[in-house]
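Okay, so here's the structure we're looking at.
Please read these numbers as outputs of a predicted model, since none were measured by experiment. Along the sequence shown, the residues carry numbers beginning at 1.
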Amino acid sequence: MSPITVVEGRRLSLTNLDKVLYPETGTTKGEVLHYWTTTAGALLAHLHDRPLSFLRYPDGPDGQLFFTKNVPPGTPSWVKTCEVPHSTSGPTRQVLLQDLPSLVWAANLVVELHTPQWTQHAPGTADRLVLDLDPGAPATIVECCAAAQWLHDRLAADGLDVYAKTSGSKGLHLIVPIEPTPSERTTAYAKTLAVEAAAALPDLVVHKMTKALRPGKVFIDFSQNAAAKTTAVAYTLRARATPTVSTPVTWDEIADCTDPEQLTFLFSDIAPRCARHGDLLAPLLDPDRARALPGAASSGAPAAPDRRGSARGST
């Protein structure tokens with residue numbers, strides 16, 4: 001019989017708590033649920049009012065994986081949902097995780113959490129810009145860090161703040177708080193940045209998804225700013241071989257990165273990091289940090305970094 005727990009007055013049936021989800025580390029489902037609950041404060045802040053997409057992996061990352069945006073069957077009536085417009089299929093309903101009981105319910109499904117760059121109150125109007133830096137082997141997150149520093153300076157030239165987190169997989173996510181902007185315009189500006197980076201750093205960066213162009217380089221994926229796209233949320237566990245987490249990082253950590261292990265974080269690393277740094281992405285939650293996107297691309301791009309013998313470009 002599945003144990004029943006009460007979370008803030010909501011009764012939840014938690015299943016298979018002894019099941020090993022990550023065989024490489026022996027991590028059980030019970031340990032995964034404990035991680036979600038102990039990280040709930042920071043995680044819920046970044047999930048607030050954002051429709052959820054789930055990557056489910058109920059038998060662990062080596063089992064069946066399936067992606068869904070629709071409200072899962074059997075969702076409790078007290079879990080909040082919202083209507084989301086879709087240009088082709090018409091409106092659908094998606095889950096909102098607004099409180100701890102809802103988060104624990106979702107965690108029991110065994111999920112990665114993905115959100116769009118807009119909230120339920122303004123579908124298709126972004127309040128964040130995201131750049132997904134994805135390394136093509138043999139490039140790693142080390143090369144992503146070099147590209148990230150160029151983009152940091154480029155965004156600063158346009159008066160924009162930028163914050164960073166690991167993807168929890170191979171790369172980095174750069175996130176910029178912006179004043180509400182149509183997703184189409186946000187995507188266009190992000191593409192401009194990717195194109196400029198590829199021109200300034202031709203040996204390091206590509207802006208096209210073509211697989212033949214990507215080995216040994218960092219692909220800057222600007223398309224996740226499209227209204228229909230989503231990005232792994234900060235602090236979500238990932239369906240990888242080990243229980244890695246999409247983890248906020250400092251710019252000093254990015255500048256100092258010379259080995260991928262330096263920016264690989266497991267779920268057990270997150271509580272100590274939060275105790276030391278707090279939530280490094282908290283500024284994204286402050287509307288006063290948001291800035292307007294420039295009306296047109298500026299010409300103030302920084303020079304390409306010297307990659308010889310430096311952390312910015314070591315391979």
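- Side chain of Thr92 to main chain of Asn70: no donor-acceptor pair is present (N/O by atom type, distance under 3.5 Å, no hydrogens or angles).
- Looking at heavy atoms from C-beta onward, His152 lies out of side-chain contact with Leu174 at the 4.5 angstrom threshold.
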*Carefully, step by step, assess Ser246 and Glu112 under the rule side chain to side chain contact (heavy atoms under 4.5 Å, CB included).*
CA-CA 10 Å; Ser246 184; Glu112 285 184 5; over 6 Å; no
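- At least one side-chain heavy atom of Leu43 sits less than 4.5 Å from a side-chain heavy atom of Leu103.
- A distance of 5.0 Å separates CH2 of Trp150 from CD of Glu196, quoted to the nearest 0.5 Å.
- Rounding to the nearest 0.5 Å gives a distance of 6.5 Å between NZ of Lys29 and CG of Leu17.
- Relative orientation of the Tyr22 and Tyr57 rings is perpendicular, given thresholds of 30° and 60° on the angle between their planes.
- Summarising the local packing, CG of Asp286 is surrounded by more than 12 heavy atoms from other residues, nucleotides or ligands at distances under 6.0 Å.
- Counting heavy atoms of neighbouring residues, nucleotides and ligands inside a 6.0 Å radius, atom NE2 of His34 does not exceed 12 of them.
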_Val245 vs Asp269, side chain to side chain contact (heavy atoms under 4.5 Å, CB included): CA-CA, chis, key distance, verdict_ = CA-CA 9 Å; Val245 171; Asp269 297 317; over 6 Å; no
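- At a threshold of 4.5 Å between non-hydrogen side-chain atoms, the residues Arg128 and Tyr163 do not count as touching.
- Formation of a donor-acceptor pair under 3.5 Å by the Thr236 side chain with backbone atoms of Val233 is not found in this model.
- Proximity of a side-chain donor or acceptor of Arg154 to a complementary backbone N or O of Leu193 within less than 3.5 Å is not detected.
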_Please evaluate residues Leu263 and Cys144 with respect to the criterion side chain to side chain contact (heavy atoms under 4.5 Å, CB included), reporting the C-alpha separation (whole Å), side-chain torsions for both, the decisive distance (0.1 Å), and the verdict._
CA-CA 11 Å; Leu263 293 183; Cys144 291; over 6 Å; no
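- Gln98 is listed as a side-chain neighbour of Asp49, based on a closest heavy-atom distance under 4.5 Å.
- The only member of Leu293, Ile175, Thr187 that meets side chain to side chain contact (heavy atoms under 4.5 Å, CB included) when paired with Leu129 is Leu293.
- Using a 4.0 Å cut-off between charged nitrogen and carboxylate oxygen, Asp99 and Lys80 do not count as a salt-bridge pair.
- Surrounding CZ of Arg11 are at most 12 heavy atoms belonging to other residues, nucleotides or ligands under 6.0 Å away.
- Thr244 places a side-chain N or O within donor-acceptor distance of the main-chain N or O of Gly168, the cut-off being under 3.5 Å.
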*I would like to know whether Ser183 and Lys229 meet side-chain hydrogen bond (donor to acceptor under 3.5 Å, both in side chains); could you show each step before the answer?*
CA-CA 10 Å; Ser183 295; Lys229 294 291 188 72; over 6 Å; no
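- A 6.0 Å sphere centred on NZ of Lys191 holds no more than 12 heavy atoms belonging to other residues, nucleotides or ligands.
- Of the possible donor and acceptor atoms, one in the side chain of Ser167 sits under 3.5 Å from a partner among the backbone N and O of Ser169.
- From Arg56, atom CZ reaches atom CG of Asp59 across 10.0 Å, with rounding to the nearest 0.5 Å.
- Of the possible donor and acceptor atoms, one in the side chain of Trp118 sits under 3.5 Å from a partner among the backbone N and O of Ala227.
- For the pair Thr166/Thr264, no side-chain contact is recorded, criterion being any heavy-atom separation below 4.5 Å from C-beta on.
- Inter-residue side-chain proximity for Lys165 and Thr247 is flagged as unmet; no heavy-atom pair is nearer than 4.5 Å.
- In this structure the side chain of Leu21 never reaches within 4.5 angstrom of the side chain of Thr27, judged on heavy atoms.
- Between the side chain of Arg93 and the backbone N or O of Thr81, at least one donor-acceptor pair lies under 3.5 Å.
- At distances below 3.5 Å, at least one donor-acceptor pair connects side-chain atoms of Thr38 with backbone N or O atoms of Tyr35.
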_What verdict does the side chain to side chain contact (heavy atoms under 4.5 Å, CB included) test give for Trp105 and Val95, after you've listed the backbone C-alpha separation in whole Å, the side-chain angles of each residue and the deciding distance to 0.1 Å?_
CA-CA 11 Å; Trp105 162 78; Val95 167; 4.1 Å; yes
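- Cluster membership for Ile141 and Val162, using ILVMFWY side-chain heavy atoms within less than 4.5 angstrom, is shared.
- With values rounded to the nearest 0.5 angstrom, Asp62 atom CG is found 9.0 Å from Leu65 atom CG.
- At least one donor-acceptor pair closer than 3.5 Å links the side chain of Gln94 to the backbone N or O of Leu52.
- Note that CG of Leu266 is 9.5 Å distant from CG of Leu237, once rounded to the nearest 0.5 Å.
- Taking 4.5 Å as the limit, every side-chain heavy atom of Lys170 sits out of range of all side-chain heavy atoms of Thr140.
- Between the side chains of Asn225 and Tyr189, not a single donor N or O lies within less than 3.5 Å of an accepting N or O.
- The line from CG of Asp256 to OG1 of Thr250 is 7.5 Å long, rounded to the nearest 0.5 Å.
- For the pair Arg291 (side chain) and Asp158 (backbone), a donor-acceptor distance under 3.5 Å is absent.
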